[in-house]
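Take a look at the structure below.
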There are 2 protein chains.
Amino acid sequence: MAELLWERGYAATSPRDVMSRAGVGQGSMYHHFTGKHQLAVEALTAVARDMTAAASPLDGDGSPLERMKRYLALPRPGTLGCRVGRMTQDPQAVTDPELRTVVATAFDTMLDRWEHAITDAVAAGELPADTDPGDLARTLAAVIQGGYVLARARGEQQPMDAAVRGALALLDAARTAARGEH
Amino acid sequence: MAELLWERGYAATSPRDVMSRAGVGQGSMYHHFTGKHQLAVEALTAVARDMTAAASPLDGDGSPLERMKRYLALPRPGTLGCRVGRMTQDPQAVTDPELRTVVATAFDTMLDRWEHAITDAVAAGELPADTDPGDLARTLAAVIQGGYVLARARGEQQPMDAAVRGALALLDAARTAARGEH
DNA sequence: GTCTATACGAGGATAGAC
DNA sequence: GTCTATCCTCGTATAGAC
């Protein structure tokens with residue numbers, strides 16, 4: 001289910017698809033799960049756990065700004081899209097309260113990590129003193145999510161990488177601006 | 001069809017939905033259109049035309065950086081999502097060559113306008129001389145597209161606005177950095 | 001041009017045998 | 001626990017009458 005959720009989204013994935021990919025019969029599936037909904041909630045929860053775990057660079061070693069740049073520069077399969085962010089455009093998924101909660105929580109966790117790193121960077125003088133950590137966190141998370149959109153629109157990885165490079169350049173410019181402050 | 005494409009996406013919209021919203025019978029619809037596919041292509045093409053028309057501030061009056069900021073700050077209904085970018089996550093839409101072309105072309109047009117404005121801003125000394133217009137164009141387009149994703153994840157407008165504010169702040173920082181160059 | 005009738009497969013799930 | 005049979009609705013489209 002996790003795979004199909006990534007490839008096709010929630011609405012476009014049928015229980016039959018899941019069974020056939022898992023190689024099990026109907027009886028088995030409906031014995032262990034109540035239906036498509038539960039299948040999706042459990043799969044997406046696991047995926048979200050993985051995703052937030054992958055954000056470790058933000059809490060790792062190095063100066064705060066270095067950590068932010070390292071996380072931004074992580075390889076991302078642009079044309080495949082974000083396994084969590086994807087749900088955001090799926091009408092049935094966004095409508096479903098449980099699924100939406102899983103997605104929202106995952107993003108909240110990510111944004112929290114961003115905010116911490118940004119706050120540290122401001123304190124270290126690596127970013128301008130008047131930087132709003134909450135705003136910048138959302139900007140950088142949006143660059144990544146938007147990078148997926150642009151990459152999928154063209155069916156190429158390049159737009160994702162370009163978007164990230166542009167963000168890295170802006171962060172560098174912000175650092176030189178911060179240095180001129182004192 | 002354009003409305004439903006926005007609200008539910010391509011896969012989740014059925015010809016029946018379209019007929020019922022338009023208040024026409026089956027015969028009428030299939031008399032004027034070959035089917036769901038053509039309906040979507042024509043609707044999305046019209047929407048894309050509107051969208052690129054709305055990007056006029058990028059070519060308008062004022063200094064290049066001002067124009068960029070003005071366009072970024074345009075009001076955007078975050079929780080509704082982007083009518084064009086949305087298609088990007090729709091498995092059936094991205095798979096469809098014609099629909100994907102419409103989406104890709106719309107983004108290419110937008111990115112072109114961004115690149116021109118950015119190039120002008122660099123020439124005017126409003127952005128650092130080593131700015132890559134292609135990269136930054138994709139970064140800023142990604143902020144908007146990603147802003148939609150974050151807003152929909154929470155079902156609130158606020159993340160979109162925050163992401164844009166953060167981008168505006170980064171552009172300002174880049175301008176002060178550019179001023180220190182000479 | 002527009003309507004109603006019809007077709008057939010897929011989606012989602014239940015029933016009950018083994 | 002797993003399998004097959006079965007159910008009903010929806011999606012997508014065609015046929016043919018008015």
Item checked: Members besides Val143(A) in its Ile/Leu/Val/Met/Phe/Trp/Tyr cluster (side-chain heavy atoms under 4.5 Å) -> Val143(B)
Checklist line | Spacing of Leu4(B) atom CG relative to dC10(D) atom C1', expressed in whole Å | finding: 16 Å
Margin query: Among residues at least two apart in sequence or on other chains, which ones pass side chain to side chain donor-acceptor pair (under 3.5 Å) with Arg76(B)?
Written below: none
Item checked: Heavy-atom protein contacts under 4.0 Å, nucleotides 5-18 of chain C, coded B base, S sugar-phosphate only, - none -> BB----BBBB----
Notebook entry, point to check: For Met19(B) and dC3(C), what is the distance between atoms CE and P respectively, to the nearest whole Å?
Noted result: 9 Å
Check: So, Asp17(A) versus Ser14(A): side-chain donor-acceptor pair below 3.5 Å or not?
Finding: yes
Item checked: Pairing residues for Gln26(A) by the side chain to side chain donor-acceptor pair (under 3.5 Å) criterion, not counting sequence neighbours -> none
Checklist line | Axis-to-axis angle between the two ends of the helix from dG1(C)-dC18(D) to dC18(C)-dG1(D) (five base pairs per end, rounded to 10 degrees) | finding: 10°
Check: Please give, in whole Å, the distance from dA13(D) P to His31(B) NE2?
Finding: 17 Å
Notebook entry, point to check: Can you name the salt bridge (Lys or Arg N to Asp or Glu O under 4.0 Å) partners of Asp130(B), sequence neighbours left out?
Noted result: none
Note to self: Enumerate the ring pair (Phe, Tyr, Trp, His ring centres under 6.0 Å) contacts for residues 78-122 of chain B, please, sequence neighbours excluded, ordered by first and then second residue.
What the structure shows: Tyr71(B)-Trp114(B)
Item checked: Protein-nucleotide distance (His32(A), atom NE2; dC3(D), atom P), rounded to Å -> 9 Å
Check: Tracing side-chain links under 4.5 Å among I, L, V, M, F, W and Y, which residues wind up in one group with Leu80(A)?
Finding: Trp6(A)
Margin query: Taking salt bridge (charged side-chain N to carboxylate O under 4.0 Å, His left out) as the cut-off, I'd like each qualifying pair that reaches into residues 43-68 of chain A, sequence neighbours left out, listed once.
Written below: Asp59(A)-Arg113(A), Arg67(A)-Asp120(A)
